[in-house]
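Since the structure comes first, as C-alpha cells, the remarks are kept for the end.
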Amino acid sequence: MKLGIVGAGQLGRMMALAGYPLGLEFLFLDKDAKTPGGQLAPLLAGELTDRKLLGELSERCEVVTFDWENVPVEALEGLPGKARIYPPTRALAAAQDRLSEKRTFELLGIPTTRYAAVDSREALGIAVESIGLPGVLKTRRLGYDGKGQFVLRKPADLDAAWAALVDPKTGKAALLYENLVPFDAEVSIIAVRAANGDVAFYPLNLNVHREGILRLTRAPYGNVALARQAQGAAKKLLEHFKYVGVLTIEFFVKRGKLVANEMAPRVHNSGHWTIEGAVTSQFENHVRAIAGLPLGSTAARGHSAMINLIGELPAREPLLAEPGLHWHDYGKSARPGRKLGHVTICEPTAQKRDRRAFKALARIDRATWLALR
Ligand code: AMP
C-alpha cells in the first residue's frame, strides 16, 4: 500500500520512517527533494496547493495524509484520484482557523479561553473591553511557533498590536483576541482513532515553550484527573470529526483544570518522545490508523524527555556519549528559530530522567535551562 504525504517536513519523514517496517510505501508532495521527507522517499516537486500534483498523488496512492495543517481544504477536496484523505478535511478546516477551532471546543463543551474575533482596530477595542487585559492577539490563520501573536498588557499596547498584525497593503486583518492564561503548566495529549472507531491515548506530555517555540517535553505527566479531562476532550473531538489518524490537543493547566489552547490534526512535536519512549510511536500509530491497520499499544516504556534542537545543531559527540540518548537530525539547514532535530532520553524513573534531561538541556538550550532552574 502506498501512502501520499502532503508536506515533506520532519513530521512526514518520521511517518515514513515508522511506516517502512510495516511494508508500506510513501510518496511526498513538497517543493524539492532536499526536504527532510524528500531525502527518504520519492517526491512530486511543486507547491503543496498544486491541484495537478495533488491529483497525481491521489491517483498513485491509496491514502493521502499531510504533515502541514495549512494545506487549503479546497485544494484537497474533490481530487480526481482514488485516495481517501485522512485525517478528514473537516478536522483540518476547523484547526486551520483559530475562530472555528474555538467554536468547535465550545460546541463540544471543552473549556477554552475567552475570545473574540477581531477584524478592525475598533473591534480590538471592543474585544479588550469585554475580555480584559492582559490578553493575546493572534492571527486566525497560519500562525505557528508563536508567530503572528502579540501580547497586550496595557491599553497603550492596542495600537502597537494592531499595527503589528494588520496587513499594511490592505489595512485588513483576520484576528482573534483571547485572555492571557496565567497557567501553572502546559500539557498536551496525543490521541489516535482507527477507521473502525478504536481509540487510544498516549500519556500526557508536560511542555515548556520559550518565545512561542516548544523546547522541552516530559512524559508521562500528571495525575489521573488531568489525564481523564484531556482524554474526554480528545474523545469528543475524535467522535465529532469521525476522525482517522493522530490528533493533538494543547492545554493550559490552571488550578488542576485544563483549558484548551489549540488542536493539531496531525502528529505533534510534543509526541516525538514516543519513538523510543512508547510501545508504538505516534508516527507508527498514525500510519497504522490511516492504512486501516490495528492500532499499537500507546503505553509508555518508562519516563521520557525530548529536547528540541533549534537554530543550529549542538556538537553531536558529547551528547551521544550520554548512554541511552537518542539523536534525531532532520537533515535541514541551520536557521534561527528553525527546528532542526531533537534528542530523547528514556529512564526508568522520573527523577533519573529529569537529572539527565536537565544536564542535556544545559548543553543544548542554556536559556531554557536557566529559565527552569
Ligand atoms: P499557540 O501558537 O497558540 O500554541 O501559542 C504558542 C505559545 O504561546 C503557547 O504554547 C503558550 O506558551 C503561549 N500562549 C499562547 N496563547 C496564550 C494564552 N492565551 N495565555 C497564555 N499563554 C499563551
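Order of listing sets the numbers, starting from 1, for every ligand and every atom in it. Numbers here are sequence positions counted from 1.
Under 4.0 angstrom from ligand 1, there are no non-hydrogen atoms of Glu211.
Note: Tyr20 and Phe26 have perpendicular aromatic rings, judged against thresholds of 30 and 60 degrees for the angle between ring planes.
Nearest residue to atom 16 (N) of ligand 1 from Lys138, His209, Glu262 is Lys138 (criterion: closest heavy atom). Heavy-atom proximity to atom 20 (N) of ligand 1, evaluated over Val136, Leu214, Val181, is greatest for Val181.
Each of the atoms 21 (C), 22 (N) of ligand 1 lies under 4.0 Å from some heavy atom of Phe183. Near Glu186, meaning under 4.0 Å from any of its heavy atoms, are these atoms of ligand 1: 9 (C), 10 (O), 11 (C), 12 (O). The ligand atoms of ligand 1 that sit less than 4.0 angstrom from a heavy atom of Arg98 are 2 (O), 3 (O). With ligand atoms numbered from 1 in the order given, ligand 1 contributes 1 (P), 2 (O), 3 (O), 5 (O), 6 (C), 8 (O), 15 (C) to contacts under 4.0 Å with heavy atoms of Gln149.
Polar contact check, Asn261 against ligand 1: a nitrogen or oxygen pair lies under 3.5 Å apart. Below 3.5 Å of separation, one finds no N or O of Thr113 facing any N or O of ligand 1.
With values rounded to the nearest 0.5 angstrom, Leu175 atom CG is found 13.5 Å from Lys172 atom NZ.
Between Tyr86 and His286, the ring centre distance reaches or exceeds 6.0 Å.
Contact detail for Arg356 and Glu322: the closest heavy-atom pair is NH2-OE1, 3.2 Å.
Hydrophobic clustering (ILVMFWY, side-chain heavy atoms < 4.5 Å, transitive): Ile364 and Phe358 are in one cluster.
Judged as a side chain to side chain donor-acceptor pair (under 3.5 Å), and not counting sequence neighbours, Asn223 has no contacts. Evaluation of the side chain to side chain donor-acceptor pair (under 3.5 Å) rule for Glu59 yields no partner, not counting sequence neighbours.
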